[in-house]
Student: 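One structure, pasted below without further comment.
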Amino acid sequence: MPAVRGDGMRGLAVFISDIRNCKSKEAEIKRINKELANIRGKFKGDKTLDGYQKKKYVCKLLFIFLLGHDIDFGHMEAVNLLSSNKYSEKQIGYLFISVLVNTNSELIKLIIQSIKNDLASRNPIHVNLALQCIANIGSREMAEAFGNEIPKLLVSGDTMDVVKQSAALCLLRLFRTSQEIIPGGEWTSRIIHLLNDQHMGVVTAATSLIDALVKKNPDEYKGCVSLAVSRLSRIVTASYTDLQDYTYYFVPAPWLSVKLLRLLQNYTPPAEDPGVRGRLNECLETILNKAQEPPKSKKVQHSNAKNAVLFEAISLIIHNDSEPNLLVRACNQLGQFLSNRETNLRYLALESMCHLATSEFSHEAVKKHQEVVILSMKMEKDVSVRQQAVDLLYAMCDKSNAEEIVQEMLNYLETADYSIREEMVLKVAILAEKYATDYTWYVDVILNLIRIAGDYVSEEVWYRVIQIVINRDEVQGYAAKTVFEALQAPACHENMVKVGGYILGEFGNLIAGDHRSSPSVQFQLLHSKYHLCSPMTRALLLSTYIKFINLFPEIRTHVQEVFKQHSNLRSADAELQQRASEYLQLSIIASSDVLATVLEEMPAFPERESSILAVLKKKKPGRVPENEIKEGKSPTPVTNHNNETTNSNNAVSSDLLGLSTPPIAQPGNTGVLLDVLGDIYGGKPNNSTPTSTTSNMYNPKKFVCKNNGVLFENDLIQIGVKSEFRQNLGRLGLFYGNKTTMPLHNFVPSLLWSEDQSSKLSMQMKPVEPTLEAGAQIQQMLNAECIDYYTDAPSLVITFVYNNMPQKFTLKLPLTINKFFEPTEMNGESFFARWKNLGSTNQQRSQKIFKASTPMDLQAARTKIMGFGMQLLDGIDPNPDNFVCAGIIHMRALQVGCLLRLEPNRNAQMYRLTVRSSKEPVSVEVCDLLADQF
Amino acid sequence: MQFMLLFSRQGKLRLQKWYNAHPDKLKKKITRELITTILTRKPKMCSFLEWRDLKIVYKRYASLYFCCAIEQNDNELLTLEIIHRYVELLDKYFGSVCELDIIFNFEKAYFILDELLLGGEIQETSKKTVLKAIASQDLLQEEETPQGFFEDHGLG
């Protein structure tokens with residue numbers, strides 16, 4: 001046990017030693033429980049506890065809390081310590097409160113009173129304790145109680161420097177909580193003038209505060225610009241001995257320098273005062289010059305501090321975007337860093353260059369480094385650095401280098417990390433579209449994307465290539481030929497089948513003259529993929545086939561044959577069955593004229609913004625990806641730097657596809673592609689324009705792991721569900737909302753659940769009024785009881801009449817067997833004992849190995865599993881990526897214990913799911929339900 | 001700065017300081033997530049990570065990892081030096097600090113951090129000034145007569 005400093009608490013040290021000596025988690029918990037009981041007893045029974053004892057026990061509680069255990073008492077004792085006249089007791093009291101008290105605690109009044117007393121103390125150490133506590137909690141109550149006091153403390157001449165520092169940062173924290181607390185008027189200039197304070201610590205703290213105030217009210221604080229420039233100038237010209245202890249590894253006041261440079265980034269370059277502007281540019285030049293000087297120390301701290309200032313200076317240069325000379329110098333400096341041996345510097349240089357690439361002055365200078373950046377993307381060992389390189393390539397891409405950059409990105413994509421593939425696919429798709437002069441190139445790029453990284457090509461990407469091909473006559477023949485060739489590969493990605501199916505259905509005739517791609521060859525080729533595809537793709541292919549009947553009457557009987565095969569029970573999917581039989585009838589009944597009209601070539605899509613860009617932006621909420629060169633700034637006030645990219649009016653106006661034009665909402669036309677696919681499969685947002693209205697939304701799968709939400713929605717009706725379950729009983733509230741301006745008549749919800757099934761899951765549903773008024777919502781309650789294990793889930797059939805048109809929807813209710821789980825906590829030992837036990841015969845376990853349907857996201861997986869109803873048991877499986885869970889399914893007749901293990905394999909993008917329970921059908925059903933979620 | 005975490009190579013959390021109010025559950029979740037992420041990174045990798053909409057800056061000193069979450073436009077390199085300054089302060093105060101010092105004197109580690117950073121912003125960058133402040137706190141403590149001596153040698 002190491003020596004304890006100060007008046008060290010031996011009892012605490014002994015306790016900590018005990019905990020450290022515990023051999024197992026159980027022993028630790030036992031020791032902690034013993035201690036908690038002891039402390040509880042002392043606090044309750046012993047009225048004679050002195051301050052020291054209270055302090056010691058409070059400290060022990062704090063330690064227990066920091067170990068990760070919950071503490072539900074001792075707060076009052078900690079608050080008592082605040083009024084102790086012994087500093088050490090007070091300090092522990094404050095520490096406990098800072099760490100443990102929530103902002104909404106009812107003790108807050110008492111705490112505020114104690115803080116008030118300490119703020120009024122003549123001892124600056126006490127005042128600082130109080131200020132630290134305010135800053136640590138920073139709640140609204142604190143802001144109200146001290147909003148008046150602290151500004152006075154900050155600017156008063158009598159206040160000591162240490163207190164001023166704390167007061168400035170304390171005020172900053174309160175300001176972040178409630179912006180109204182900062183007094184304006186005369187206070188403004190007094191606060192600004194803290195920048196002139198003699199004490200470097202005070203200036204540093206005050207600069208942070210001013211930076212926040214300026215963001216709210218840039219005009220009022222404009223005066224800080226010249227003061228900040230002067231201060232900065234004094235620092236950068238100082239020798240490292242001038243500033244004594246504020247020099248950090250031979251760098252004069254790096255923290256203050258960086259804060260001042262940040263502060264100046266709230267304004268445009270000072271125009272009205274050329275003197276200030278000149279001085280600022282001198283400062284920035286000096287900083288750039290210093291970067292070229294030999295280092296004064298070999299320590300990494302020296303180079304970090306020096307480069308921290310340099311990077312901040314470059315940020316300011318980029319922000320000002322007005323001095324071509326400085327911008328180019330900054331770019332050269334960053335270029336040097338690109339081959340530095342410090343990974344950190346390479347990372348930051350790539351990041352910073354991304355911003356330089358968007359300035360018209362330095363865009364060309366950045367492009368000189370293209371080769372090094374490409375090498376970084378390929379060779380860097382750290383994926384986060386590679387990611388930065390990809391971002392930079394994206395930002396520096398323009399017409400002149402697009403083909404090369406896109407090609408390099410495609411090459412890299414074959415071996416790229418899974419974590420960045422999806423984003424890279426989006427970037428390549430955007431660049432290819434934006435800089436395409438020859439659309440055959442664009443088509444090649446997108447088809448390559450699908451070939452190389454098909455799993456990562458999202459709907460938006462392949463929708464977009466179809467839109468573009470349909471809108472551009474000159475590329476249609478080429479596209480048909482290329483997809484036809486691509487489909488000939490023995491294994492091709494399902495997305496390729498979708499694109500191929502759609503394009504051949506529209507333009508297959510353009511290549512039909514060649515006997516190698518004659519109509520029947522095209523049809524055979526597509527149909528050879530049919531059985532390998534998902535229902536959604538099959539539905540699309542069926543539509544292609546009916547289009548073929550129009551394009552190529554000669555293969556009509558052939559196609560009809562296929563429709564016949566799929567119009568009966570052999571097609572397990574109802575939608576496919578229906579499609580096949582309807583298309584079959586259409587081809588039999590309709591005359592060739594009617595067919596030609598119905599199956600005419602798709603009309604051109606309205607020119608609109610690619611939704612891919614929106615997807616990319618959504619993926620990166622932190623920073624908006626930029627590939628847009630801004631014009632240099634004239635010195636007009638800017639308020640928010642971030643808005644610039646989204647609003648900037650395209651300097652690249654040759655943007656052929658209207659990437660930058662505002663989206664045109666054309667509800668009548670947007671769903672065209674989707675109509676072909678069939679709304680019933682619309683789990684994801686169905687439209688390619690983010691602005692368009694919702695078409696049918698129905699995804700029963702997501703309700704396996706979720707109890708509340710919108711179950712179904714289309715243009716007429718919204719159906720919401722709220723459900724709760726206890727033991728083997730469940731209660732569902734169904735909410736029907738009429739979205740139209742007309743009443744829905746004969747409104748009848750009914751259940752679809754056989755009698756046999758009802759003996760396992762019984763349900764009662766209250767009747768509802770037969771008319772659902774325009775805009776109204778009604779509620780219906782449903783009670784369910786689980787009697788025995790069952791599979792699947794009951795369906796709800798909704799029928800009504802809207803505008804004399806009968807409507808009918810069938811929806812799965814969120815009443816799968818997992819809803820009757822009760823989570824069960826257990827430790828590793830008993831888990832594995834039961835696991836083994838249940839695995840002894842094959843009948844009790846079920847296992848599935850399957851490919852991830854979406855890119856693996858363990859956090860999302862975690863959320864899903866927690867919603868599934870079992871207890872997620874952390875720290876049991878030796879592999880932290882694996883999930884193990886336990887739960888009991890409650891039924892009237894019996895209870896079935898269930899254990900589960902999900903093992904993600906990131907490299908293979910596969911999951912293995914094992915479920916063990918005492919009943920085989922339960923294991924199978926639980927396994928099926930959960931496997932479907934990933 | 002949004003928060004600072006200190007944890008061991010074994011993934012045990014040694015110190016946590018949050019500069020924004022979060023529910024305990026979320027704190028635990030964030031902590032778990034970051035500890036796993038950082039422990040799986042290799043030594044030569046870059047010290048910065050993009051994480052949610054924040055940036056993570058971390059550095060390992062002996063058996064301890066220091067990890068800070070900062071905002072997008074905060075300065076990464078200087079955050080590394082805040083960590084270093086904190087380590088220097090601990091080192092000076094404890095005399096070649098080791099993980100055990102921080103475990104047994106966690107309250108001191110908090111007090112020193114509170115002098116260096118307040119509300120997530122750097123308060124005092126001078127090593128001397130911070131150490132002086134801590135020394136005067138210790139002095140105040142020593143002046144106060146220690147009590148509970150007997151009790152401590154009893155059961156504790």
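Here is the naming used below: chain letters follow the sequence lines, and residue numbers restart at 1 for every chain.
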Student: So which part of A:Q859 gets closer than 4.5 Å to some heavy atom of chain B, the side chain, the backbone, both or neither?
Tutor: side chain
Student: Check whether B:E76 gets within reach of chain A through its side chain, its backbone, both or neither, counting any heavy atom under 4.5 Å.
Tutor: side chain
Student: Please report the C-alpha distance between A:D881 and B:T36 in whole Å, then the side-chain angles of each, then the deciding distance to 0.1 Å, and finally whether the side chain to side chain contact (heavy atoms under 4.5 Å, CB included) criterion is met.
Tutor: CA-CA 10 Å; A:D881 274 359; B:T36 339; 5.6 Å; no
Student: Without hydrogens or angle criteria, can the side chains of A:S166 and B:Q123 be said to hold a donor-acceptor pair below 3.5 Å?
Tutor: yes
Student: Which bit of A:F15 is near chain B, if near means a heavy-atom gap under 4.5 Å: side chain, backbone, both or neither?
Tutor: neither
Student: Where on A:Y94 is there a heavy atom nearer than 4.5 Å to chain B: the side chain, the backbone, both, or neither?
Tutor: neither
Student: Under 4.5 Å heavy-atom distance to chain A, tell me which part of B:L78 shows up: side chain, backbone, both or neither.
Tutor: both
Student: Among A:N344, A:L345, A:V383, A:L348, find the one that has a side-chain contact (heavy atoms from CB on, under 4.5 Å) with B:C46.
Tutor: A:N344
Student: With only heavy atoms counted, which part of B:K42 is less than 4.5 Å from chain A, the side chain, the backbone, both or neither?
Tutor: neither
Student: Could you name the residues of residues 83-91 of chain B that have a heavy atom within less than 4.5 Å of a heavy atom in chain A?
Tutor: B:H84, B:R85, B:E88
Student: Taking side-chain contact (heavy atoms from CB on, under 4.5 Å) as the test, write out the residues that go with A:N85, two or more places apart.
Tutor: none
Student: What part of B:T129 lies closer than 4.5 angstrom to a heavy atom of chain A: side chain, backbone, both or neither?
Tutor: both
Student: Which atoms of B:E71 come close to chain A, meaning under 4.5 Å heavy atom to heavy atom: side chain ones, backbone ones, both, or neither?
Tutor: neither
Student: Which atoms of A:H302 come close to chain B, meaning under 4.5 Å heavy atom to heavy atom: side chain ones, backbone ones, both, or neither?
Tutor: neither
